[in-house]
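Take a look at the structure below.
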Protein chains: 2
Amino acid sequence: MARVRATDRRLFLLIEVAARRLNREADMRLKAEARVTAAQAAVLFLLKRRGERRMGAIGEVLALNPPAVTGLISRMEAANLVTRHSDPDDKRSSVVALTEAGRQAGEIAEIILRDFNQEIAERIGPDSADEVYDALTRLVRDDEL
Amino acid sequence: MARVRATDRRLFLLIEVAARRLNREADMRLKAEARVTAAQAAVLFLLKRRGERRMGAIGEVLALNPPAVTGLISRMEAANLVTRHSDPDDKRSSVVALTEAGRQAGEIAEIILRDFNQEIAERIGPDSADEVYDALTRLVRDDEL
DNA sequence: TCGCAAAACTTCGCATGCGATCTATTTAAG
DNA sequence: CTTAAATAGATCGCATGCGAAGTTTTGCGA
């Protein structure tokens, strides 16, 4: 059958390129309609779905280290999308919660990204989309790497 | 069969997270052994495979816009990995070529990333790796998006 | 209880990438 | 041939992410 060996296929660079293109497109749409960046939208979704969360939890879900979370949340706080208050049970940690403006922006962003994900799925084919989703989920699972 | 609809699966955010994790890991390895970042390694591969290239061609292959290419190449020039000279046939454009140090760094980086890609493929399963590769290639093709 | 390691963030300096805008050159109209 | 439009990069200001190092708070072992 002469299948090309996966090793010859530069998955890493391909994923980088794909992520870059998608991020550029998503960012453009999100900024235009929801006044929010893609990175910020990810935080909005997380807080909308699971309620207020500590910085560390946000970083864990989004695969960001502490400095990245600090910066992202600071900018979102300045934009009045979230608030930050320290946990009375553990004064080291600060808890991030949605503002009303953040909730509203999240609603709009959700619609935009639902459409975008739909387009992506159509573009690569629905069956492939499921396969890619599962494969990347396996790849991203926490063990090792 | 009750397949989960692809729309419910946030492919965009998943690809972002995957790209982030992979980039972090690849960057760490590349810096340690080849003294080069992942973004720089991509340029080294391109020049090594296809010879000297203009800024625009680099941006096209790597899906980077002009400012990103300018910055990346400037840093690589400062690190003595590439040289930049203007094309005599078109003085607007500048042509980027590998230095000997760049060629050597590229050799090492190639080995590191070959191993890394192998690990990725093993992690998601060889068949899935091929499927993901094809799917992302379809996704990244230039038409529209 | 005291003291010290671990945990949770923050700060700093840097690389990366983007859109908007500018400059220099080339190309196309007229 | 002259000028307007297009093209190739560069510059600027910004958001995003990272590793290294610092700060405050917890928690735990002696």
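First the proteins, then the strands, lettered A, B, ... as listed; each starts at 1.
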In this structure, how many angstroms lie between the [atom2] atom of [N] and the [atom1] atom of [X], rounded?
| X | N | atom1 | atom2 | result |
| --- | --- | --- | --- | --- |
| N23(B) | dC18(D) | CG | C1' | 9 Å |
| L30(B) | dG19(D) | CG | P | 13 Å |
| R75(B) | dA10(D) | CZ | P | 13 Å |
| R54(B) | dA10(D) | CZ | C1' | 15 Å |
| D87(B) | dA10(D) | CG | C1' | 17 Å |
| D89(A) | dT25(D) | CG | C1' | 13 Å |
| E77(B) | dG9(D) | CD | C1' | 13 Å |
| L62(A) | dC18(D) | CG | P | 11 Å |

Counting the atoms with a prime plus P, OP1 and OP2 as sugar-phosphate, which does [X] contact under 4.0 Å by heavy atoms, base, sugar-phosphate, or nothing?
| X | value |
| --- | --- |
| D90(A) | sugar-phosphate |
| G56(A) | sugar-phosphate |
| R24(A) | sugar-phosphate |
| S94(A) | sugar-phosphate |
| T70(B) | base |

Exercise. Between R24(B) and A63(A), is there a donor-acceptor pair closer than 3.5 Å when you use the side chain of the first and the backbone of the second?
Worked result: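 The answer is yes, because a donor-acceptor pair under 3.5 Å joins these two groups.
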Exercise. Nucleotide range of DNA chain C contacted by chain B, 5' to 3', under 4.0 Å to a heavy atom?
Worked result: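 The footprint of chain B covers dA15(C) to dT26(C).
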Any salt bridge linking [X] with [Y]? Criterion: basic side-chain nitrogen under 4.0 Å from a carboxylate oxygen.
| X | Y | result |
| --- | --- | --- |
| E107(B) | R103(B) | yes |
| E25(A) | R21(A) | no |
| E60(A) | R54(A) | no |

Problem set entry | Atom pair CD1/CD1 of I58(B) and I73(B) - distance to nearest 0.5 Å |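 That separation rounds to 4.0 Å.
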For this session: For T37(A) and R75(A), test the side chains for any donor-to-acceptor distance below 3.5 angstrom and give the result as yes or no.
Result: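 Side-chain D/A pair, T37(A) to R75(A): absent.
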Problem set entry | Apart from M28(A) itself, residues in the same hydrophobic cluster as defined by side-chain heavy atoms under 4.5 Å |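 Listed partners: none, M28(A) stands alone.
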Exercise. Taking for each residue the nucleotide of DNA chain D with the nearest heavy atom, is it Q40(A) or K91(A) whose nucleotide lies nearer the 5' end?
Worked result: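 Mapping each residue to its closest nucleotide by heavy atoms, the 5'-most match is Q40(A).
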Problem set entry | 5' precedence on DNA chain D between D27(A) and P88(A) (nearest-nucleotide basis) |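 The 5'-side residue here is D27(A).
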Exercise. On DNA chain C, nearest-nucleotide positions of P66(A) versus R92(A): which is more 5'?
Worked result: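 On the 5' side of the pair lies R92(A).
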